[in-house]
Amino acid sequence: MLERMTVRDIQAIQDAVAEYWPDVRWVESTGSTNADLLKDGEPGTVLIADEQTAGKGRLDRQWVSPKGAQLAMSMVVEVGEAPPPFGLLSLAPGVAVTDVVPQAQLKWPNDVQIGGKKIAGILSALDMPRVIVGIGINVAMRAEDLPVDTATALNLEGIEVDFDDFTADILLAMGQRLAQWRDGDPQLLEDYRAVCTTIGQQVRLEMREGEETVTGAVTGVNDEGEVLIDGTAYAVGDVHHLRPTS
């Protein structure tokens, strides 16, 4: 039986990440940490939940968050008067995860994968003058409990973590990468391009319902964070790689 993953010492996590996140909270269960912080969350607030019962992913899909199997949390990021492109904001949290999990790579825009299988999902909600960034990382799951066969978890990839230390490490990396976004630091995009497996791939881009599907070669990610397919920029959509990543 897998050990249930949960925060054991919220104060120790708070002390470790106070430079970036002065208000770290924990709840056993909630509908959605993003929704909770949209209602009540000042910049610098983090909400961690053992379980989410109504989590959402990109394009309003359901996000499965079994009790004690994920690091599921949201954080409130302050937006300045003249922020950098929001397309880059969606890239920063994914880079932060790869800082902590060096085996991980990114599929545009921010699907965190190991060996082409997804271990984490990231969703941002703009609510000026703040952004709520939510993330769910599969930490300890049984293969039969994965929602799709293209998903995986850290434990299934042979990566075991101390949950409190891992939580603190992720929050510190998030703080550092989001600070790069706010400061317009070009290193963020440089590092993103280095871990993005979509660049150079033949892909199919599925946009919102009723819109055209695009197929072509990804030539890069531009300075706005948009994916370039045969030289044309796209800001939203689901990318599907049409050949295995190397």
Q. Taking the side chain as C-beta and beyond, is there a heavy-atom pair between Thr167 and Val24 under 4.5 Å?
A. no

**Q.** Rounded distance (nearest 0.5 Å) linking atom CD of Gln113 with atom OG1 of Thr98
**A.** 12.5 Å

(Q) Please determine whether the number of non-hydrogen atoms from other residues, nucleotides or ligands lying under 6.0 Å from atom CD of Gln187 exceeds 12. (A) yes

Q) Taking everything shown except Glu81 itself, do over 12 heavy atoms lie less than 6.0 Å from its CD? A) no

Q: Report yes if some heavy atom in the side chain of Ile114 is under 4.5 Å from a heavy atom in the side chain of Leu154; otherwise report no.
A: yes

Q: Report the C-alpha separation of Asp223 and Arg193 in whole Å, then their side-chain angles, then the decisive distance to 0.1 Å, and conclude whether the salt bridge (Lys or Arg N to Asp or Glu O under 4.0 Å) test is met.
A: CA-CA 11 Å; Asp223 291 347; Arg193 289 168 174 152; 3.1 Å; yes

Q) Out of Ile13, Thr6, Asp169, which one pairs with Asp164 under the side-chain contact (heavy atoms from CB on, under 4.5 Å) rule? A) Ile13

Q.
Just by distance, no angles: are the side chains of Glu157 and Thr152 close enough, under 3.5 Å, to form a donor-acceptor pair?
A. yes

Q. Considering only heavy atoms from C-beta outward, does the side chain of Tyr20 approach that of Gln176 to under 4.5 Å?
A. yes

Q) Which atom names give the shortest non-hydrogen contact between Ala72 and Thr33, and what distance separates them? A) O-CG2, 4.5 Å

(Q) How close do Ser74 and Gly134 get, counting heavy atoms only, and between which atoms? (A) OG-CA, 3.5 Å

Q: Would you mind reporting whether Ile170 and Met73 have side-chain heavy atoms less than 4.5 Å apart?
A: yes

Q: Grab the two heavy atoms, one from Val221 and one from Leu91, that are nearest each other, plus how far apart they are.
A: CG1-CD1, 4.3 Å

Q | Considering all heavy atoms, the nearest Ala125-Asn34 contact | A | CB-ND2, 4.4 Å

Q. Is the backbone N or O of Asn110 less than 3.5 Å from a side-chain atom of Tyr192, with the two atoms forming a donor-acceptor pair by type?
A. no

**Q.** Heavy-atom side-chain proximity of His241 to Val203 below 4.5 angstrom
**A.** yes

Q: Pick out which of Ile132, Thr45, Thr30 makes a side-chain contact (heavy atoms from CB on, under 4.5 Å) with Asp36.
A: Thr30

Q) Does some side-chain heavy atom of Ile135 sit less than 4.5 Å from a side-chain heavy atom of Val133? A) no

Q.
So Leu242 and Arg204, do their side chains get closer than 4.5 Å, heavy atoms only?
A. yes

Q. Can you check whether Phe86's main-chain N or O pairs, donor with acceptor, with Trp181's side chain at less than 3.5 Å?
A. no

Q) Hey, quick one: are Val100 and Val195 part of the same hydrophobic cluster, counting side-chain heavy atoms closer than 4.5 Å, chains of contacts allowed? A) yes

Q. Counting N and O atoms only, with roles assigned by atom type, does the side chain of Trp21 sit under 3.5 Å from a partner on the main chain of Leu171, one being a donor and the other an acceptor?
A. yes

(Q) For Ile122 versus Gly94, what's the shortest heavy-atom pair and its separation? (A) CD1-N, 3.4 Å

(Q) Against Val218, only a single residue in Asp230, Val227, Leu205 fulfils side-chain contact (heavy atoms from CB on, under 4.5 Å); can you say which? (A) Val227

Q: Please report the closest heavy-atom contact between Ala104 and Val112, naming both atoms and the distance.
A: CB-CG1, 3.7 Å

Q.
Test your reading of the model: is there a side-chain donor-acceptor pair from Arg177 to the backbone of Asp99, 3.5 Å cut-off?
A. no

**Q.** Glu28/Lys67 salt bridge by N-O under 4.0 Å criterion
**A.** yes

Q.
If I take atom CD1 from residue Ile137 and atom CE from residue Met5, how far apart are they, to the nearest 0.5 angstrom?
A. 11.5 Å

